[in-house]
Amino acid sequence: MDSMTTALALVFGVSAASLAAAYWLIRWVMAKDTGSPEMRRISDAIKAGAEAFLKRQNKTIGVFAVCLAALIFVLYAFVRQPNEHDPAGAVALAFWTTLSFAAGAACSVVAGYVGMWISIRTNIRTASAARSSLNDALQVALRGGAVSGLFVTAMSLLGVGGLFALLKLIGYEISKIPFMIVGYGFGASFVALFAQLGGGIYTKAADVGADLVGKVEVGIPEDDPRNPAVIADLVGDNVGDCAGRGADLFESTAAENIGAMILGVSLMPVFGWKGVLFPLVARALGIAASIAGVLAVRTDDSEDPMDALNRGYYLASALAMAGFAFAAWWLLSTPQAPSAWWKYALCGAVGILTSQAFVYITQYYTEYRYNPVKSIAESSETGPATNVIAGVAVGLESTAVPALVISAAILASYQLGSSALGEAAMGGLFGTAVATMGMLGTAAYILAMDTFGPITDNAGGIVEMSRQPEDIRRKTDRLDAVGNTTKALTKGYAIGSAALAAFLLFSAYLDEIYNYTGRRISVDLSKPEVFVGALLGAMLVFLFSSMAIRAVGKAAFSVIQEVRRQFRERPGIMEGAEDPDYGQCVDIVTIGALKAMVLPGLLAVCGPIGVGLAFRGFISEAQPTIAAEAVAGLLMIGTVAGILMALFFNNAGGAWDNAKKYIETGAHGGKRSDPHKAAVVGDTVGDPFKDTAGPSLHVLIKLLATITLVLAPLFL
């Protein structure tokens with residue numbers, strides 16, 4: 001067995017082992033007790049609503065994906081002019097690009113669905129486990145979440161590795177293969193955008209409707225069974241935070257793998273095929289590290305559950321770091337550059353440390369133990385207006401330190417990579433690619449922590465709605481509080497990894513243009529075409545955010561009207577004499593979310609394509625690559641604006657949410673006080689920020705990169 005076969009066997013072996021571990025975790029979780037009949041009734045309603053929404057959403061996405069796949073094939077096969085640098089003939093290139101797009105889209109759908117499927121079955125088992133011990137509930141919730149993490153990362157690795165192995169078996173040159181499978185990342189990004197948009201609009205429309213009428217207008221607690229929107233709210237946790245985030249991180253890992261492989265092609269004179277396969281091997285070892293971290297988590301009733309989750313994360317990070325060092329030693333050791341392997345191992349460590357830095361930064365700005373959230377809570381004493389002003393200020397401030405951390409990570413990894421290969425530019429870019437791999441090395445564990453959040457949130461809702469004893473609710477409240485933290489941390493992690501991945505993919509785009517033209521292009525903003533492209537990139541981010549937030553407002557308006565109608569026309573609901581019509585709210589939010597996700601989704605897909613095709617009219621003998629340069633300007637400035645906007649949305653929304661929770665602990669008058677009502681208003685403003693616009697921007701900035709990678713030949 002030669003070294004390449006060994007490397008591919010390791011990739012496929014770890015992927016298969018991850019899927020086997022996910023299956024074992026499913027069996028382990030599903031064997032747990034499902035509680036009382038009343039608990040099962042509520043869980044079944046959540047399950048039915050989530051599955052109905054996802055089924056309808058996936059049908060909508062499927063129609064768009066088929067149309068786009070057909071368009072990609074036609075454009076590649078019949079519209080663009082082939083050139084001598086193409087990796088294959090026109091029809092073959094069109095076929096493989098379209099096939100990889102379809103595979104990426106399909107795998108993304110499957111990964112998101114599996115995460116949601118296990119989540120809506122783990123919630124009731126977590127609620128039931130809380131009746132015996134906190135540790136049992138913690139392990140059930142985390143292991144249920146880990147199914148999503150393992151499926152997402154393993155499917156991503158299998159897809160890219162499988163396409164690579166298939167093309168290699170057919171006989172294509174290794175240096176050509178990454179350019180023929182770029183569609184995989186685009187397919188994953190395309191599905192992720194609509195999944196995150198649709199799920200984010202759904203979850204926040206239901207949440208806003210439930211909170212404004214339930215908490216503010218009629219003064220009933222969160223998850224009160226008398227609230228007609230409460231089931232829709234609990235459904236939203238799953239379709240937004242499980243299915244949406246699963247698709248988000250799936251496309252992060254898929255796009256990063258392909259981008260790093262493209263850069264690896266440029267270093268084949270130094271590393272040969274090993275530089276191309278290194279990203280896949282490093283990713284495989286990161287998945288193995290995450291499995292060990294998940295299985296190591298346990299706690300007792302006296303410990304903060306967050307401490308147990310942190311221990312698992314530190315273990316996964318340490319093992320991932322060791323795995324990167326081994327992969328670098330095995331695949332990047334070369335007599336031409338004897339120090340390269342350990343310098344690239346350090347680049348991986350930079351990425352892992354960057355992810356931990358983002359976790360701490362996000363904690364500081366979104367947890368109520370720290371001053372930013374406390375300042376928002378304090379400002380609530382003078383009303384909603386000052387609460388909103390303070391939240392906006394905290395969100396704007398929170399962009400500074402992450403920007404410095406991202407800058408330091410890019411510069412450090414670039415310099416390490418450059419020194420590894422004697423100041424070579426491609427060596428520096430490959431260093432940033434390895435840092436991105438490091439940041440995504442523990443993606444499976446991070447996604448397990450993210451899915452832990454909606455599972456525990458649902459578990460608390462099931463306990464509350466089934467009127468379980470107060471001591472059980474206290475346990476689920478502790479886990480729910482930790483879940484809120486893990487969801488916020490995951491958003492910080494996701495945007496940090498998106499930032500590094502976007503830089504990597506931008507570099508891959510420039511490298512792809514070189515491979516197609518033999519010319520190195522740059523982003524020269526003194527050229528009017530490039531400046532206009534850059535301006536349009538920033539505009540795209542703002543317009544997309546506006547559409548996403550407005551969509552939540554429109555859908556929430558319909559929910560609020562329905563909840564008010566039911567309270568008004570059926571007074572027995574508030575008296576507990578009759579049940580509200582939960583299904584009506586679920587239907588309203590489902591229809592509203594699916595309609596609202598279409599326009600911003602099409603804007604994100606059509607924007608960069610339109611710019612690239614429009615600027616083809618400016619191509620001349622003196623400027624043969626001007627359209628590609630204008631798209632590069634759009635990509636660069638759109639990425640920068642998207643990163644900062646996403647940080648603002650995520651952290652402002654999280655801070656508003658936890659300011660409300662801080663007041664609910666008894667600070668500043670506690671529940672039902674005027675400061676509490678002001679904080680609920682602030683939280684309502686922040687909901688579409690942190691759960692719709694912010695997470696959707698993570699996907700948008702990577703979609704801009706993957707769509708330009710796929711369609712780059714059309715801009716020449």
Side-chain angles (χ1 to χ4, degrees), residues 196 200 203-204 207-208 211 240-241 357-407 484-499 538 541-550 552-553 638-663 675 678-701:
Q196 187 64 73
T203 184
K204 288 304 104 182
D207 195 8
V208 168
D211 279 359
D241 286 325
F358 263 82
V359 166
Y360 287 122
I361 293 165
T362 307
Q363 273 185 306
Y364 176 74
Y365 280 106
T366 60
E367 278 196 18
Y368 58 64
R369 291 183 294 167
Y370 303 107
N371 283 333
V373 172
K374 287 183 177 178
S375 69
I376 298 173
E378 184 178 358
S379 71
S380 303
E381 292 192 354
T382 50
T386 47
N387 171 284
V388 170
I389 290 169
V392 169
V394 166
L396 292 171
E397 179 193 318
S398 72
T399 63
V401 179
L404 293 175
V405 169
I406 292 169
S407 302
N484 283 329
T485 300
T486 61
K487 285 190 289 186
L489 300 185
T490 306
K491 290 185 181 76
Y493 170 87
I495 189 56
S497 62
V541 169
F542 281 81
L543 184 57
F544 175 87
S545 301
S546 168
M547 289 179 172
I549 292 170
R550 182 177 288 118
V552 173
T639 297
V640 171
I643 290 168
L644 295 176
M645 283 285 280
L647 285 168
F648 165 69
F649 284 142
N650 288 340
N651 293 330
W656 268 314
D657 187 6
N658 281 324
K660 177 198 68 177
K661 286 182 168 60
Y662 179 56
I663 292 174
V680 170
V681 173
D683 178 39
T684 304
V685 173
D687 273 339
F689 280 28
K690 67 181 174 65
D691 288 324
T692 307
S696 296
L697 283 174
H698 306 168
V699 185
L700 175 70
I701 61 178

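- Under the side chain to side chain donor-acceptor pair (under 3.5 Å) criterion, Y493 pairs with no residue, sequence neighbours left out.
- Residues A659 and I376 come closest through the heavy atom pair CB-CG2, 3.7 Å.
- With sequence neighbours left out, S407 forms a side chain to side chain donor-acceptor pair (under 3.5 Å) with no residue at all.
- Nearest heavy atoms, Y662 versus A377: CD2-CB, 3.6 Å.
- Minimum interatomic distance between I549 and A693 (heavy atoms only, all atoms of both residues): CG1-CB, 3.9 Å.
- For A679, the side chain to side chain contact (heavy atoms under 4.5 Å, CB included) criterion is met by S380, N387, K660, I663, not counting sequence neighbours.
- Going from atom CG of L700 over to atom OG of S696 covers 8.5 Å, rounded to the nearest 0.5 Å.
- Taking CG from N658 and NZ from K374, the interatomic distance works out to 12.5 Å, rounded to the nearest 0.5 Å.
- Residues passing the ring-ring contact (aromatic ring centres under 6.0 Å, His included) test with Y364, sequence neighbours excluded: Y370.
- For the salt bridge (Lys or Arg N to Asp or Glu O under 4.0 Å) test, no residue two or more places apart in sequence or in another chain qualifies with E378.
- Not a single side chain to side chain donor-acceptor pair (under 3.5 Å) links T366 to another residue, sequence neighbours left out.
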Can you list the steps and then say if W656 with V373 is a side chain to side chain contact (heavy atoms under 4.5 Å, CB included)? CA-CA 7 Å; W656 268 314; V373 172; over 6 Å; no
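- With sequence neighbours excluded, the residues that form a side chain to side chain contact (heavy atoms under 4.5 Å, CB included) with E397 are Y365.
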Indicate every side-chain donor-acceptor pair of residues 643-652 with a distance under 3.5 Å to a residue at least two apart or in another chain.
from	atom 1	to	atom 2	distance (Å)
N650	ND2	A646	O	3.3
N650	ND2	H698	NE2	2.9
N651	ND2	S398	OG	3.1
N651	ND2	L647	O	3.3

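- The side chain to side chain contact (heavy atoms under 4.5 Å, CB included) search around L404 returns none, not counting sequence neighbours.
- Checked against side chain to side chain donor-acceptor pair (under 3.5 Å), S375 has no partners two or more places apart in sequence or in another chain.
- By the side chain to side chain contact (heavy atoms under 4.5 Å, CB included) test, V359 pairs with Y313, Q363, L489, sequence neighbours left out.
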Solution key, residues 684-692 side-chain donor-acceptor pairs under 3.5 Å, sequence neighbours excluded:
from	atom 1	to	atom 2	distance (Å)
T684	OG1	V680	O	2.7
D691	OD1	K491	NZ	3.0
D691	OD2	K204	NZ	2.9
T692	OG1	G200	O	2.8

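- The closest side-chain heavy-atom distance from I495 to I701 is below 4.5 Å.
- The closest donor-acceptor contact from the side chain of S379 to the backbone of A390 lies at 3.5 Å or more, if one exists at all.
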